[in-house]
Amino acid sequence: MNWLQTVRMAIKSIMDNKVRSLLTMLGIIIGVAAVITLVASIQSKATLTRLQFEAMGTNRISVNGSGAKTQDWKEMEKLLDTDLKDNINGWSPQSQYNDWSSKGLQYRNTKLDTQKYYTYMYYGNENYSKVTNNVITAGRDITKEDCRQRARVCVIGETIRKYFFGAMSPIGQKIKIGGKNFEIIGVYKGKYKGKLNTEDQMLLMPYTLQSQMMTIDRYENKQYIVQAKSRDDIDIVVKKLKEFMEPRCASSNGWFDAYSDSRYQEQQESAAQQDALLMGGVAMISLLVGGIGIMNIMLVSVTERTREIGIRMAIGAKRRDIISQFLIEAASVSCCGGIIGIIIGCFGSAIMGNIMLSKQLSEQSWMPEVEQFTVLPSPMLIVGAFLFSALLGIIFGIYPANKASKLQPVEALRTQ
Amino acid sequence: MFFRKKQVIEPQEQPDKSLLIEVKNLSKIYNEGRENEVRALDNISLEVPWGEFLCILGQSGSGKSTLMNILGCLDIPTYGTYNLDGHAVSSMKPSVLSTIRNKEIGFIFQGFNLIPALTAIENVELPLIYRGMPASERRELAINALCSVGLEKRLDHRPSEMSGGQQQRVAIARAVAAKPPIIMADEPTGNLDSKSGAEIMQQLIELNKQGTSIILITHDNKLAEVAQRVITIQDGKIISDRAGRGGVF
């Protein structure tokens, strides 16, 4: 007997008993919806975390130290450019400008009015934007030439641009840092949706200006930022740098450290995965209950339809036909339940995602500006949920179907 | 071929191809050897040629239904041999029996035994579906069969929307749709009024005239006279085997 015919018959019998079928499906519907909502929200949470890390620059290694001679730092830079060349995407000094004079950032917008703004200002080289995952939207980045010439130029963050210039183009405008005039050559694209304390307020100057802008004492902290090519490269780079710099810094009572956020990121990701497993497992229990519900109703159906089974056998149905009829019926019920559950789960995860997103926005200011962020379940999750519910129907249909097929035609025909 | 066991072909009696049904020393015993042993059929031998209209007559509890179940391959005998159309049925597996029921026998039951959820045409199609017939072909056969019993206007009605006589005609259509060599009818008029019953009998007679063998099981002496041959069963034994009036109702 062809199975398409059986499916049609099964769907017919579902439609004939609408209320009963719906109640039978309820367990599967709730189970699938719960699994999808939970797993999708946890996966999205993990994605959110990953995006936050990516916004800061992936595979980023912070290098800090003090005590070593300038020559030693120069040699470390050389090491990065030669031995570790294949392990890194780039590196840059990253020192913060210390605003001892409290003059902040000044912009004279009219002859009489000067606006002030206090913010984070960094020294970096031509690679700084790349390794910190910042993109120039207007103007240009700092170049090697700027660094060599100690040009008084700077790239400003989106928040600063908005504060000082509004709709006006900031390129070529003069701005005062520590009382010295700087030319704005570029603007970074905004990365975060928040208001305060974000990288978008950043300002970047060539690192070679550092000596002019502040006094450097012998034990001053040196900071670098290095972007490794991959996660595996992080360990190699960190190990090499430590081996090279630790003794040199220690020799004059200094210290050295190189570390990466990726460890923390990994921990967060594995924690999210465990969450997903745990929650998914809990939701699985309701799927199991749903499966048992199907088995129960199929057993009732076999008893109810004993006579029908007898008739089918009398007119030529084989055991195989009866088994496939009941299996397909069970699978159809659970698949229908699965489909309804998937639809509800999609709505559920969309709602959960919105709640999550608004919570994130209200609690944390450093929400990344993300277009690719969705809370909808992944196609794999949907396909998986569907196949699993079909499988559930088949597994829990085996016993009733087998029971039906073992009926003796004479006995089955005799029941009323 | 020393590793393969040599197949021993047991000498078997070759079934007589000229006979439709050949039953030898058939017994059906329930709870054998216990106190409540019941001999529903006791050492019955019977031969039915092709095309015969046979009636098995007996009171309720005489064993006539048991005999029909065995002849219809719905049940297997405890002892004895049964050859149907040259097949040794008594030693067959359930799946082969299903195929034989599907291809060789059309059943008509007292309680109609239609599937309530299916329409008339779907009920008639069902045995053809199990045979694996393509959809267009079986639909045509089903429509033809329903037309031949005068139900061309009831194709899409469910059993609950039809009278008893109409339901039984659907059952006849189901039985004859695939043109099996035998029709087995177990009290086909038992649940019907006399007029509908007469119509059903007329249709059976018609089928017999077209060459189908018919086995009619009944307790009604008057009805039995329609057959060419009447076998009377009592306490699981054949007590008489005589000619009926044959083909007149």
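The chains referred to below are lettered A, B, ... by the order of the sequence lines, with proteins before strands, and numbering in each begins at 1.
- Per-residue counts of heavy-atom pairs under 4.5 Å with chain A were compared for B:P180, B:G72, B:A135, B:P127; the largest is that of B:P127.
- Note on A:R305 versus A:E329: salt bridge recorded, some NZ/NE/NH1/NH2 to OD/OE distance being below 4.0 Å.
- Proximity to chain B is limited to the side chain of A:R307, based on heavy atoms less than 4.5 angstrom apart.
- Heavy-atom pairs under 4.5 Å with chain B peak, among A:M313, A:E411, A:Q408, A:R319, at A:M313.
- Residues A:R312 and B:Y130 bring a donor and an acceptor atom of their side chains to less than 3.5 Å of each other.
- One side chain, B:E122 or B:T119, offers a donor N or O that lies under 3.5 Å from an acceptor on the other.
- Between B:R139 and B:E137 there is no salt bridge, since none of the side-chain N atoms of the basic residue sits less than 4.0 Å from a carboxylate O of the acidic one.
- One side chain, B:E32 or B:Y79, offers a donor N or O that lies under 3.5 Å from an acceptor on the other.
- By the 4.0 Å N-to-carboxylate-O rule, B:D42 lies close enough to B:R39 to be salt-bridged with it.
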Self-check item: salt bridge (charged side-chain N to carboxylate O under 4.0 Å, His left out) between B:R169 and B:E152, worked out
Solution: CA-CA 11 Å; B:R169 279 191 276 160; B:E152 56 280 341; over 6 Å; no
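- Of the atoms belonging to B:N69, it is side-chain heavy atoms, and not backbone ones, that fall under 4.5 Å from chain A.
- Top candidate by heavy-atom pairs under 4.5 Å with chain A, chosen from B:N113, B:L74, B:I115, is B:N113.
- Among residues 92-109 of chain B, the residues having any heavy atom closer than 4.5 Å to a heavy atom of chain A are, in sequence order, B:S95, B:S98, B:T99, B:R101, B:N102, B:F107, B:F109.
- For B:N191 against B:F112, the heavy-atom pair with the smallest separation is CB-CZ, 4.1 Å.
- Screening B:D220, B:T218, B:L223 for a side-chain contact (heavy atoms from CB on, under 4.5 Å) involving B:E187 leaves a single residue, B:T218.
- Neither the backbone nor the side chain of B:R131 has a heavy atom closer than 4.5 Å to any heavy atom of chain A.
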